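Down below is the structure, laid out as structure tokens.
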Amino acid sequence: MKSNNYLRIVPIGGLGEIGKNMMAYEYGDDILIVDTGIMFPENDMLGIDYIIPDFQYLMDRKDKVRGIIITHGHEDHTGAISHVLDEFNAPIYATPLTRGLLEVKLSRGGHLNKAKLVTVQAGEKVKVGVFEIEFAHVCHSIPDGVALGITTPEGLVVHTGDYKFDHTPVDNWPTDYAKLSEWGGRGVLALMADSTNADTPGWTPSERMIDPAFDMVFRQAEGRILVASFASLISRMEQVAQAAINHGRKMAFVGTSMRENAKMATKLGYLDLPDDLIVPLDQALKMKPKKVVLMCTGSQGEPTSIMGRLATGRNRQFDVQKGDTIVLSSHPIPGNEESVYRTINKLFQRGANVIYDPIIPVHVSGHASQEEMKLMLHLVRPKYLVPIHGELRHLRQHGKMAEELGMQPENIAVVENGTIIEFEDEIMRIGERLPGGYVFVDGSRVGDVGPAVVRERGSLSRDGFVSVSVLLDKGFRQRRDPAIETRGYVYKDDLASLEEDVDGVVEDVLHKALSSNGQKDEVDLETDLEQALRRMLSQKSSRRPLIFIRVDIV
Ligand SMILES: [Zn+2]
Ligand SMILES: [Zn+2]
């Protein structure tokens, strides 16, 4: 038997996809969780609100979970926290702003009193089980992000979180290069590094680059300005505030999450808004259009966000009006492009002028590009590299870059969610692959909706449904013609010919059932009928409607 005393790194989410980042570090009887993110559904995941990581591995080892560290306040790192807290009662470590954002989130879900939140500052150290974790400040598109230096019994592992190397960040707090290189000097066993922009050459521009773009927009806008962004994009609030001051506008926050986050970030000192700048929304709506800027959620076209509601004319307090300038200050998350562009089109229809990247650079990435990723490798100088945060193409590209810098291919582990990576005596092994997948959250229900339901919704939306109801007596004779209903399904010829063909299928199935000496019950008949009907329909057209069969024997 192999001893249990080696390091296991278990990627639970974010490897092989963008979003729902979650990683577990396990040694002996201790597990440390890093990040608990969500992912937004792709267009073909109909009716799904969001997706959380499948953390069954941790459920099977509940008593080992010693702590949770959240690297920064974005949804793809924090969003699943309440679901995780439902299962594990471990302390959560976060920097002040990240903690503040978690508190706003948890209090809305009624989870706040049971959460054990611990504030850590960049530069500090905490002990979680056998792990000792140091926090180093990194720049990103949200303040107060950290990279982690995790001292394990097998060696030092550096986990970057999301980062970029911005020399002029909005909060004037650059990445802690000294700490990263100090770790490098100490000797790093493995680097787990962000790969989101691995296919973007060069350097990611500084966040400051947005300032001139905003300045231009504010100079040219004749009416109201509405800026849509993530509720957690604190630095963008600061930049919009500065533009508002420069151009003599007042600023109002629209939507609860935006307002609460702004209040919290101001209280903690991450946001510096002069008292006379901010006005309540109802006051802003009465002011001259040229005198206001509204900051709202919905840069991803989410239907329930303020921008989503404005686009469809369903917002309660106000509508888009002619002359409005709307700035979408974020990139569409991969998979969201369609809904973002649909929202933009609708806003144009309503008379607004919509400004979005790349029309004017009103957004800049928060993630490292290729040259920064190389610099990270040079600073940290790891023996092994595990690319994290990215689709397989990003992870591969990251690995390829490391090879160009002279790393041995066998020291680079490009793996997707569920593939365990083990470290023992400085040797890396690729361990077993856990089963797993998506856990869909639909309304407030978690996990009830599986891939089968999503598939059904897919065929419903594409090809409609056909329902056939058959009423039989005990001798399997039909007591009436089959009742056929269709919605959204068009038969090759017409309904009459569909009825004819269905009749034929029913007769055929009943005939076979009789010759099987009548042992079949309703459920058997329903299965047989469904198969026969599916076969018949597939011969007629390439459409695959959802088929619903009901057999009653009376
Ligand atoms: Zn992030
Ligand atoms: Zn992220």
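Side chains included, hydrogens not; waters and symmetry mates left out as well; all remaining heavy atoms used. Source: prediction; values computed, not measured. Just so you know, ligand 1 is whichever comes first in the structure, and atom 1 is the first atom listed for that ligand.
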Parallel, tilted or perpendicular: ring planes of Trp173 versus His137, cut at 30 and 60 degrees:
parallel
Among Leu15, Ile12, Val386, Thr71, the one residue meeting side chain to side chain contact (heavy atoms under 4.5 Å, CB included) with Met23
Leu15
From Asp76, does some N, O or S atom reach closer than 2.8 Å to the Zn ion (ligand 2)?
yes
Would His77 count as a contact for the Zn ion (ligand 2), in the sense that one of its N, O or S atoms lies under 2.8 Å from it?
yes
Looking at Leu392, Ile51, Asn417, which hits side chain to side chain contact (heavy atoms under 4.5 Å, CB included) with Glu17?
Asn417
Report the atom name of the nearest N/O/S atom of His140 relative to the Zn ion (ligand 1).
NE2
Looking at Asp162, the N, O or S atom sitting nearest the Zn ion (ligand 2) is OD2
For Lys400, is there an ion pair with Glu404 - N to carboxylate O distance below 4.0 angstrom?
no
Among Ser229, Ser330, Ser329, which one satisfies side-chain hydrogen bond (donor to acceptor under 3.5 Å, both in side chains) with Arg236?
Ser329
Out of the N/O/S atoms in His74, what is the name of the one closest to the Zn ion (ligand 1)?
ND1
NZ/NE/NH1/NH2 to OD/OE distance under 4.0 Å, Arg186 and Glu134:
yes
Are any N, O or S atoms from His367 nearer to the Zn ion (ligand 1) than 2.8 Å?
no
Tell me, which N, O or S atom in His72 is closest to the Zn ion (ligand 1)?
NE2
